[in-house]
Amino acid sequence: MIYAVLSLSPILLALAAMVIRRIQLSAPKALLLSLLLTIFLAAFVWQMEPAALAAFGVQGVCKALEVFFIIFGAILFLNMLRRTGHMEAIQRSFSRVSPDRRVQAILIAWLFGAFIEGTAGYGTPAALAAPLLVALGFPPVAACIVCLIANSAPVPFAAAGAPITAMASSIASELTANADYAARYGLGYEDFLQACTEMTTLFLGVGGIAVPLLLIGVFLFRYGEKGRRGRDFAEIIPFALFTGLAFSAPYYLISRLFGHEFPSIIGAVFGLVVSVAAASRGFLVPKHVWRFPNDLPLEGRAIFNDSHKAMPAWQGWLPYGCIGLFLLISRVPAFGLRPLLQSCTVGWEGLFGVESCTYSFQPLWNAGILPFALFAVLVGLLSGVGVKDVGRVCLGSFFQLLKVFSALVFGVAMVQIMMNSGVNNSGMDSMLLVAAQALADLTGPAFPVISPFIGVLGAFISGSCTVSCVMFTSLQFHTALLIGIDPVYTCALQTAGGAIGNMICINNVVSVSATTGANGHEGEIISTNLLPVVVYVALVLAVAFAAMLA
């Protein structure tokens, strides 16, 4: 039992350091402490050789860089669109679709937010969509609440699939080295990633049909007129379910056809086009227009700055269209571009003489490098932004993500050392395998019930679904094997939980509060969103157990 406690202590330290009010360290600082504790335990308790410690630590840094490139490219692209006025043109295109605040909340928070999540992610949807809602006349706290609730289902496929890529990458070596897994399931990295992608979109997609209802329900409960809340909610149900299905159906189908990079992007594009067309024509939209008390009509409100006012909507959307087209051409095997992009590979075998430490990286296949970063620079130059300004945007984007980068490096390095600590002189299993055995003994077959809550907790404290997956996927994987469940289910539940945790993620709440002027209301926002988190997790578990029994 003592070794089980020791094996879990780095993760428990990270949780305690980020959650306990008197400590409350940032994710990078907390994960650095956990990494140092992991190194100490690996060296002196598990008796790993210094060469093995160094090799797997370096491997963790390189895996973190892969994910960081995707995040950086996506954020750089978004920042360049804001610099050139494209984003303002996109936002303006929403301003005249419907005067009903319920419809605006669904279109902007749910569908526009999903599109931004799919292309950029990492807190940007709420930080972009919420200020737009405030500009349209929403109270700041209301805008924060609905945007955070909406920022859930699209999250695992943010920035062309960075979180779910990080999830699978964190256990890539285990998929080939674990004899128990190979004998029973035997999926390689690509097949495992695809299976988890399909399972995650199934879990979140079915539950996601109800997300617009959740955000509108919370919205009306807080801001609706007493005596009319039930009626105001009932009349928006058809449109809310329609928009939920408009995103979730292609979201799931695309995951099966094209993999992990497209579900959120294409699901959001399809949902936006269909739902905006429906709202513009009054299809399923309530005849009664719902507004806030003392609300100004849309026509009487100054919504946007005059800068970049001349840019038409189609021009604002054009860079995203080019991104989507490139991803489609490069990722679909029929076009023949995929082998060319994957042919450029760097890496090693047996780093520092440790045979099991192998690594390969395909830079041209990394979506952050190509197309996001390259297209960001091209958009800036073609829009007349000078080379110096392009450089400033690049540098600003890098500094914007320094905390994310350090958290990823410390977190991934910690997990890689814990996962590979079985390469030792003590004869013990790896730290994560020891921890998994303890969890398996404690929970037994009921472990899947807590799997998504582990993901929620990880996202809440670390500020990222990606970091949550990096921290806990190996634990989910090994525990599933020990209790005889296909790890695809628990890893998909981990990813789904990490996505749902974005509703109450501390970093996102602080960020969206700052951008809307809702500072000081963070606790109110988190407490309000706790119920949607529990409801969504319950829906995900219902779908998961139905899938397991099928």
Side-chain angles (χ1 to χ4, degrees), residues 18-19 21 24 26-27 75 78-79 82 87-88 91 94-95 101-114 116-117 120-152 154-155 211-212 214-225 229 290-296 298 301-305 400 403-404 456 459-465 500-533 536:
M18 287 187 273
V19 170
R21 186 168 296 180
Q24 280 194 331
S26 64
I75 294 297
L78 181 67
N79 287 342
R82 297 171 80 171
M87 186 53 62
E88 191 171 316
Q91 292 172 327
F94 286 107
S95 64
R101 299 308 193 183
R102 297 166 298 181
V103 175
Q104 291 173 4
I106 291 172
L107 294 179
I108 294 172
W110 171 237
L111 294 169
F112 178 61
I116 297 300
E117 182 68 33
Y122 300 93
T124 54
L128 276 175
L132 174 56
L133 288 175
V134 171
L136 290 172
F138 280 64
V141 174
C144 294
I145 288 169
V146 298
C147 287
L148 287 167
I149 293 172
N151 189 30
S152 47
V155 169
V211 168
L214 282 175
L215 69 89
I216 291 298
V218 172
F219 176 63
L220 289 176
F221 178 78
R222 287 183 57 90
Y223 297 96
E225 181 184 345
R229 289 170 181 161
W290 190 92
R291 296 184 189 276
F292 295 101
N294 304 317
D295 201 355
L296 286 175
L298 196 63
R301 191 179 303 278
I303 301 175
F304 299 103
N305 297 324
Q400 181 182 344
K403 287 186 178 180
V404 173
V456 169
F460 172 73
I461 60 163
S462 70
S464 166
C465 176
I500 296 169
N502 270 251
M503 293 186 189
I504 54 172
C505 161
I506 295 173
N507 286 10
N508 286 356
V509 172
V510 170
S511 173
V512 73
S513 299
T515 58
T516 58
N519 306 76
H521 294 274
E522 291 84 359
E524 178 185 354
I525 293 168
I526 291 174
S527 62
T528 301
N529 285 1
L530 280 174
L531 179 60
V533 166
Y536 202 172

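Everything numeric in this text was worked out from a predicted model, so none of it was measured. Numbers for residues simply follow the sequence, beginning at 1.
Taking the side chain as every heavy atom from C-beta outward, L531 and V218 never approach each other to under 4.5 Å.
To the nearest 0.5 Å, atoms CZ (F138) and CD1 (I108) are separated by 7.0 Å. Note that CD1 of I116 is 6.0 Å distant from CG of L78, once rounded to the nearest 0.5 Å. Here the CE-CG distance, from M503 to L214, works out to 6.5 Å after rounding to the nearest 0.5 Å. Atom CG of L133 sits about 12.0 Å away from atom CD1 of I145, to the nearest 0.5 Å. For the atom pair CD1 of I526 and CD1 of I504, the computed distance is 7.0 Å after rounding to the nearest 0.5 Å. For the atom pair CG of N529 and SG of C505, the computed distance is 11.5 Å after rounding to the nearest 0.5 Å.
Nearest heavy-atom pair, A143 versus A130, reported as atom, atom and distance to 0.1 Å: CB-O, 3.6 Å. Smallest separation of non-hydrogen atoms from R291 and R101: CA-CG, 3.9 Å. Counting all heavy atoms, side chain and backbone alike, I500 lies closest to S152 at CA-CB, 4.3 Å. What you find for I216 and R102 is that their closest heavy atoms are CD1-O, 3.6 Å. A114 and P154 make their closest contact through CB-CG, 3.5 Å (heavy atoms, listed as atom of the first residue, atom of the second, distance).
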| said: With side chain to side chain contact (heavy atoms under 4.5 Å, CB included) as the criterion, how do E522 and I525 come out once you've worked through the C-alpha distance, each side chain's angles and the decisive distance to 0.1 Å? | reply: CA-CA 5 Å; E522 291 84 359; I525 293 168; 5.6 Å; no

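With sequence neighbours excluded, no residue forms a side chain to side chain donor-acceptor pair (under 3.5 Å) with E225.
Classification of the F292-W290 ring pair by plane angle, with boundaries at 30° and 60°, yields perpendicular.
Of the candidates N151, I149, V146, V211, V211 is the only one forming a side-chain contact (heavy atoms from CB on, under 4.5 Å) with W110.
N502 and E117 form no side-chain donor-acceptor contact under 3.5 Å, judged by distance and modelled atom types alone.
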